[in-house]
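For reference, the structure is listed below as structure tokens.
For ligands, and for the atoms within them, numbers begin at 1 and follow the listed sequence. Just so it is clear, the structure is predicted and the values come from calculations on it, not from any experiment.
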Amino acid sequence: MPLFTPRVFSGIQPSGGLTLGNYLGAITKFVDWQAKGTHATIFCMVDLHAITVPQDPAALRRNTRELCAGFLASGIDPERSILINQSQVPEHAQLAWIFNCVARMGWMGRMTQWKDKSGKNAEAASLGLFAYPALMAADILVYHATHVPVGEDQKQHIELTRDIAAKFNHDYGVDFFPMTEPVIEGAATRVMSLRDGTRKMSKSDPVDGSRINLTDDADTIAKKFRKAKTDPDPLPGEAGALETRPDVRNLVNIYAALSGRDVDAVLREKAGGQLGHFKQDLADLAVAKLAPISTEMARLMDDPAEIDRILARGAERARAITVPILEKTYEIVGMVR
Ligand code: AQP
């Protein structure tokens with residue numbers, strides 16, 4: 001394989017407000033990669049992915065800018081990283097078409113996100129929802145990204161990205177696309193719903209109490225944790241004992257991730273404690289971490305023109321990478337240029 005420039009890419013859908021799941025599973029990891037400085041870092045608001053399910057246009061515009069504010073407020077620096085909105089870099093969608101012709105229907109049909117989101121009525125789901133992983137592969141490979149930090153739920157899509165890259169390279173007899181590595185690390189790779197510890201916390205869950213939004217105020221955060229589903233037993237002293245208590249395990253994982261410690265260290269300190277007290281400690285910790293972010297997001301949202309300028313500049317920098325990679329792809333495929 002050729003030596004690829006080490007590059008990190010990841011994205012988040014502006015399909016609602018940012019959740020604590022997005023923050024712990026994705027954004028904090030993005031900030032860590034940026035701080036390491038070993039790789040070029042590219043972070044994206046994936047608006048084209050958001051419209052695979054219905055979106056109100058005004059809400060989509062607002063959510064996209066708010067997501068950008070969330071990235072900035074959490075520590076993404078638009079000078080050190082490239083920060084973009086997907087539809088402003090057209091090579092993502094152009095490469096996705098090529099990948100639609102590389103990926104197989106059977107591969108897409110096996111994706112658990114497709115099965116979950118299309119539900120019982122797959123016939124009525126959009127073609128875009130079915131093809132979602134090919135667009136995601138294009139998002140990643142249009143930068144020749146070598147590493148993708150994601151939450152656990154996206155692992156299967158990264159594996160499919162590797163399948164698409166391998167098939168393209170094989171079919172055309174080239175070593176053009178890298179085998180991208182998923183990076184899934186930490187205590188909160190899968191933050192669960194506060195109302196059901198067996199389901200992922202999601203920004204599009206109709207029950208607002210199931211998630212912490214980055215824009216929630218201190219009282220709302222405390223109330224949501226207070227009402228989080230748990231059981232009457234005290235906290236155990238070691239992680240193994242949480243296997244059968246998914247709701248409690250979720251809260252402990254969130255606490256560990258927010259405090260930057262591992263789960264065993266948290267349990268050693270909290271063993272025997274009542275859940276009521278633990279929920280209060282967790283709420284205090286979450287408020288201390290999230291309040292400065294939501295204040296900064298609100299400040300940034302007062303100046304949408306500045307957000308738009310940052311995104312326009314990001315798109316310009318991104319296209320210095322994506323245009324040559326797309327052109328080379330077209331040449332390999334046999335398009336007259
Ligand atoms: N609950 C979660 N725990 C850990 N990581 C999570 N991520 C999302 N939810 C959790 C990670 O956040 C990144 C962006 O995800 P996305 O918004 O593009 O799509 P998603 O995974 O489908 O997120 P949602 O909140 O569930 O959105 P909707 O409700 O619109 O489908 C990814 O790295 C993801 O792993």
Side-chain angles (χ1 to χ4, degrees), residues 8-33 41-56 59-60 63-64 66-68 70-71 74 76 84-86 92 111-119 125-126 128-129 132-133 135-137 139-140 145 147-161 180-208 210-215 224 228 246-247 249-251 253-254 256-258:
V8 166
F9 173 91
S10 200
I12 299 187
Q13 297 184 75
S15 45
L18 277 169
T19 70
L20 185 62
N22 297 132
Y23 178 70
L24 293 175
I27 294 187
T28 56
K29 303 295 167 348
F30 303 171
V31 174
D32 290 347
W33 275 104
T41 43
I42 303 134
F43 301 117
C44 187
M45 282 118 261
V46 288
D47 57 350
L48 296 172
H49 278 103
I51 60 163
T52 56
V53 297
Q55 301 290 339
D56 170 68
L60 179 62
N63 287 335
T64 304
E66 192 178 273
L67 179 51
C68 184
F71 274 112
S74 304
I76 297 300
I84 50 164
N85 181 34
Q86 187 183 28
H92 289 234
M111 295 294 109
T112 49
Q113 180 174 293
W114 157 251
K115 290 185 205 161
D116 290 348
K117 288 198 171 174
S118 60
S126 73
L129 188 65
Y132 183 115
L135 176 57
M136 182 164 159
D139 297 333
I140 295 165
H147 295 82
V148 182
V150 280
E152 181 68 38
D153 61 316
Q154 292 299 327
K155 188 170 175 216
Q156 196 186 28
H157 286 164
I158 310 292
E159 281 160 7
L160 190 110
T161 298
T180 306
E181 296 287 340
V183 187
I184 303 169
E185 291 170 340
T189 55
R190 193 167 170 80
V191 177
M192 308 309 276
S193 159
L194 300 181
R195 295 298 171 87
D196 177 353
T198 64
R199 292 184 47 210
K200 192 181 74 135
M201 182 181 285
S202 264
K203 54 177 114 64
S204 56
D205 190 317
V207 180
D208 188 59
S210 69
R211 64 178 165 266
I212 303 291
N213 304 300
L214 254 52
T215 49
K224 285 179 175 175
D247 298 293
R249 183 176 57 192
N250 185 37
L251 297 188
N253 284 347
I254 293 173
L258 281 172

Under-4.0 Å heavy-atom contact with ligand 1, by part of Val53 that carries it: neither
Kindly give the heavy-atom pair with the smallest separation between Val148 and Phe9, and that separation in Å. CG1-O, 3.2 Å
Among non-hydrogen protein atoms, atom 28 (P) of ligand 1 lies closest to Ser204 OG, 3.3 Å
Using a 4.5 Å cut-off on heavy atoms from C-beta on, say whether the side chain of Cys68 contacts that of Met45. yes
Note: Ser15, heavy atoms under 4.0 Å from ligand 1, region reported as side chain
Has ligand 1 got any nitrogen or oxygen that is less than 3.5 angstrom from a nitrogen or oxygen of Ile12? no
Nearest atoms (heavy-atom pairs only) where Leu60 meets Ala50: CD1-CB, 3.9 Å
Between the side chains of Asp139 and Gln86, does any donor sit under 3.5 Å from an acceptor? yes
Taking 4.0 angstrom as the limit and counting only heavy atoms of Gly151, give me the atoms of ligand 1 inside it, by number and element. 5 (N), 33 (O), 34 (C), 35 (O)
Shortest non-hydrogen contact from Asn63 toward Gly17: OD1-N, 4.4 Å
Check each atom of ligand 1 against the heavy atoms of Gln154 and keep those under 4.0 Å away; list them by number with element. 21 (O), 32 (C), 34 (C), 35 (O)
Answer yes or no: is there a side-chain heavy-atom contact under 4.5 Å between Glu66 and Thr215? yes
Less than 4.0 angstrom from a charged side-chain N to a carboxylate O is my criterion; do Asp205 and Arg195 meet it? no
Ranking Met45, Lys200, Gln13 by closest non-hydrogen atom to atom 24 (P) of ligand 1, top hit is Lys200
Assign the ring pair Trp33 / His147 to parallel, tilted or perpendicular, where the plane angle (0 to 90°) is split at 30° and 60°. tilted
Please could you name the atoms of ligand 1 that Val150 approaches to less than 4.0 Å, counting only its heavy atoms? 33 (O)
Could you tell me whether Asp208 and Lys224 make a salt bridge, using a distance below 4.0 angstrom between a side-chain N and a carboxylate O? yes
Looking only at heavy atoms, is any part of Ala50 under 4.0 Å from ligand 1, and if so is it the side chain, the backbone, or both, or is it neither? neither
Within a distance under 4.0 Å of any heavy atom of Ala188, pick out the atoms of ligand 1 and give their elements. 4 (C)
Proximal candidate to atom 14 (C) of ligand 1 [heavy atom criterion; set Gly11, Ala26, Cys44]: Gly11
Are any of the N/O atoms in Lys203 less than 3.5 Å from those in ligand 1? yes
Give the single entry among Val191, Asp153, Asn22 that approaches atom 21 (O) of ligand 1 most closely by any heavy atom. Asp153
Can you check whether Lys117 has an N/O within less than 3.5 Å of an N/O in ligand 1? yes
Per-atom filter on ligand 1: closer than 4.0 angstrom to a heavy atom of Ser202 are 24 (P), 25 (O), 26 (O), 29 (O)
